[in-house]
Amino acid sequence: MKISSVRKFLVILIVPAVFGCQNTTRTSSPVPPELKMVSVPSVISDPSQINKYVAEHFWDGVDFTDSLLLLNKPGFNRHYNLYLDHIMQCPYEVAEKSVKNFILSVLNGNEDVRDYITTLTEKVLYDPNSQHRNEDIYLWVLEIIINEKKFDPLTQEKYKSHYEMSMKNRPGETATDFAYITADGKEGKLKSIKGEYTLLFFYDPDCHSCEYALDYIQESSVIKSFTPKITKLAVYTGENAERWINTSGKFSKEWIVAFNNDFSIERDKLYDRRATPYIYLLDKEKRVILKDITPAYLEQYLSNITRPQ
């Protein structure tokens, strides 16, 4: 009995000792690849050529087949946003070529990396709350993705839907007509509005961002100076007519405060209504000049036009 007890005691001592030795063995943790900024050759000094070089070489050295990229998602996100900041400063042709080459490289990479970057791209460029929201850049991405067979059918259909909505009422196209009724009971249509310009302001009565945008527009001296030439049309596309009527007084008298009473805008998806406010500037023929703009961008655009006499 004593020998058996001793043996059991020795086993109890040895087993933890063995496992203790195993736990002291250190294994190196995988390290995400470093994301470096572009080093521009000293022989390139022209600012436009520097921009072009950075756009063309921003992702040099990044291996999209390497799943270790995802070990530092915050770092990758920062690098990605720096890329977008740069692209938005580039000429159209340079930016488009860079973005499409980038997306093609991503699609040919690791599946997890591909899914992460395409989801990130959607969030950054398409989400209505994103500061980097940009339809032009997102369309370049979508033109590649919608023809890609590597996504499941539901994902593919989602991107096709994004593409179809983003292609509606593009700059240079005639804005889709719709009917409305005003707060004082008058009926009208977009195409019947007079004026050299039409400021089309889609809004929601309970939207704080809409209130901020409206205040900016009504207080801007630049926008005010164009009042004789700009017809301002504020359109509510929802279903709560009572709420619309009760809040229509927040607009100053030069606004046409309208309700899409046949609900065609939402029902037939005539306009992209993900964001509120959603602001367009149209010309006299109702062609889209600017789409999905901020009041500040509208102000900047108008300040570069010859002021009305």
Side-chain angles (χ1 to χ4, degrees), residues 26-163 166 292:
R26 295 183 179 180
T27 57
S28 58
S29 300
V31 178
E34 183 180 0
L35 297 170
K36 298 180 180 179
M37 293 303 296
V38 179
S39 178
V40 181
S42 58
V43 294
I44 302 177
S45 57
D46 180 78
S48 64
Q49 292 302 310
I50 291 175
N51 279 344
K52 184 173 183 290
Y53 185 91
V54 172
E56 291 175 345
H57 297 276
F58 195 94
W59 297 103
D60 283 5
V62 178
D63 182 5
F64 294 108
T65 67
D66 187 359
S67 62
L68 295 181
L69 278 172
L70 301 182
L71 290 181
N72 184 13
K73 291 179 180 177
F76 184 88
N77 293 356
R78 287 192 295 271
H79 199 68
Y80 181 83
N81 285 331
L82 287 173
Y83 173 66
L84 292 179
D85 287 337
H86 179 76
I87 285 299
M88 290 178 183
Q89 305 302 316
C90 290
Y92 192 93
E93 296 78 10
V94 172
E96 181 180 13
K97 181 179 179 181
S98 175
V99 169
K100 287 187 173 181
N101 286 339
F102 163 63
I103 290 299
L104 284 170
S105 298
V106 169
L107 293 178
N108 290 323
N110 173 270
E111 182 178 353
D112 292 334
V113 173
R114 178 199 71 202
D115 289 346
Y116 179 78
I117 295 178
T118 51
T119 300
L120 176 65
T121 298
E122 176 187 346
K123 181 179 179 180
V124 173
L125 295 176
Y126 192 67
D127 188 288
N129 298 312
S130 172
Q131 293 182 345
H132 279 97
R133 187 174 82 231
N134 188 295
E135 186 175 80
D136 287 335
I137 298 178
Y138 193 51
L139 276 172
W140 298 336
V141 174
L142 291 174
E143 286 171 5
I144 301 294
I145 288 180
I146 60 175
N147 295 310
E148 179 58 55
K149 305 302 182 184
K150 295 180 180 179
F151 296 102
D152 63 80
L154 285 178
T155 302
Q156 193 75 12
E157 191 61 34
K158 177 186 71 173
Y159 287 131
K160 286 182 179 179
S161 175
H162 289 182
Y163 181 80
S166 297
D292 189 18

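- Of the possible polar contacts, none joining the Asp66 side chain to the Leu69 backbone as a donor-acceptor pair under 3.5 Å is found.
- Between the CG atom in Leu70 and the CD1 atom in Ile117 there is a gap of 7.5 Å [rounded to 0.5 Å].
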- Item | Stepwise side chain to side chain contact (heavy atoms under 4.5 Å, CB included) test for Asn134 and Met88 | CA-CA 9 Å; Asn134 188 295; Met88 290 178 183; 3.9 Å; yes
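- By the 4.5 Å heavy-atom criterion applied to side chains, Pro128 and Arg133 are counted as neighbours.
- Without hydrogens or angle criteria, Lys150 side chain to Leu107 main chain gives a donor-acceptor distance under 3.5 Å.
- The shortest heavy-atom contact between Ser98 and Ala55 is OG-O, 2.7 Å.
- For the pairing with Phe58, the ring pair (Phe, Tyr, Trp, His ring centres under 6.0 Å) check across Tyr80, Phe102, Tyr83, Tyr53 returns one residue only, Tyr83.
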- Message: Quick one, Ser166 with Leu139, criterion side chain to side chain contact (heavy atoms under 4.5 Å, CB included). Give me CA distance, side-chain angles, the key distance, then yes/no.
- Response: CA-CA 7 Å; Ser166 297; Leu139 276 172; 3.7 Å; yes
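- Taking each heavy atom of Asn147 and Gln156 in turn, the nearest pair found is N-NE2, 4.0 Å.
- Note that the OG1 atom of Thr118 and the CD1 atom of Ile144 stand 13.5 Å from one another [nearest 0.5 Å].
- Contact annotation: the side chain of Tyr138 never approaches that of Ile145 to less than 4.5 Å [non-hydrogen atoms, C-beta and beyond].
- Checked against salt bridge (charged side-chain N to carboxylate O under 4.0 Å, His left out), Glu111 has the following partners two or more places apart in sequence or in another chain: Arg114.
- Here the side chains of Asn51 and His86 are in contact, with some heavy-atom distance below 4.5 Å.
- Between the CD1 atom in Ile87 and the NZ atom in Lys97 there is a gap of 12.0 Å [rounded to 0.5 Å].
- With contacts defined as side-chain heavy-atom distances shorter than 4.5 Å, the pair Leu68/Asp63 does not qualify.
- In this structure, CD1 in Ile146 is found 12.5 Å from NE2 in His162, a value given to the nearest 0.5 Å.
- Val99 places a side-chain heavy atom less than 4.5 Å from the side chain of Val141.
- To the nearest 0.5 angstrom, Leu35 atom CG is 7.5 Å from Asn72 atom CG.
- Applying the 6.0 Å contact sphere to NZ of Lys123 captures no more than 12 heavy atoms from other residues, nucleotides or ligands.
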- Query: Is there a side chain to side chain donor-acceptor pair (under 3.5 Å) between Tyr116 and Asn77 once you walk through the steps?
  - Reply: CA-CA 10 Å; Tyr116 179 78; Asn77 293 356; 2.7 Å; yes
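- To the nearest 0.5 angstrom, Glu157 atom CD is 14.0 Å from Phe151 atom CZ.
- Here the side chains of Phe64 and Asn108 are not in contact, with every heavy-atom distance at 4.5 Å or above.
- The shortest distance between side-chain heavy atoms of Ile137 and Thr121 does not fall below 4.5 Å.
- Taking Glu148 as the reference, nothing meets the salt bridge (charged side-chain N to carboxylate O under 4.0 Å, His left out) condition, with sequence neighbours excluded.
- The side-chain heavy atoms of Glu56 and Val38, taken from C-beta on, include no pair separated by under 4.5 Å.
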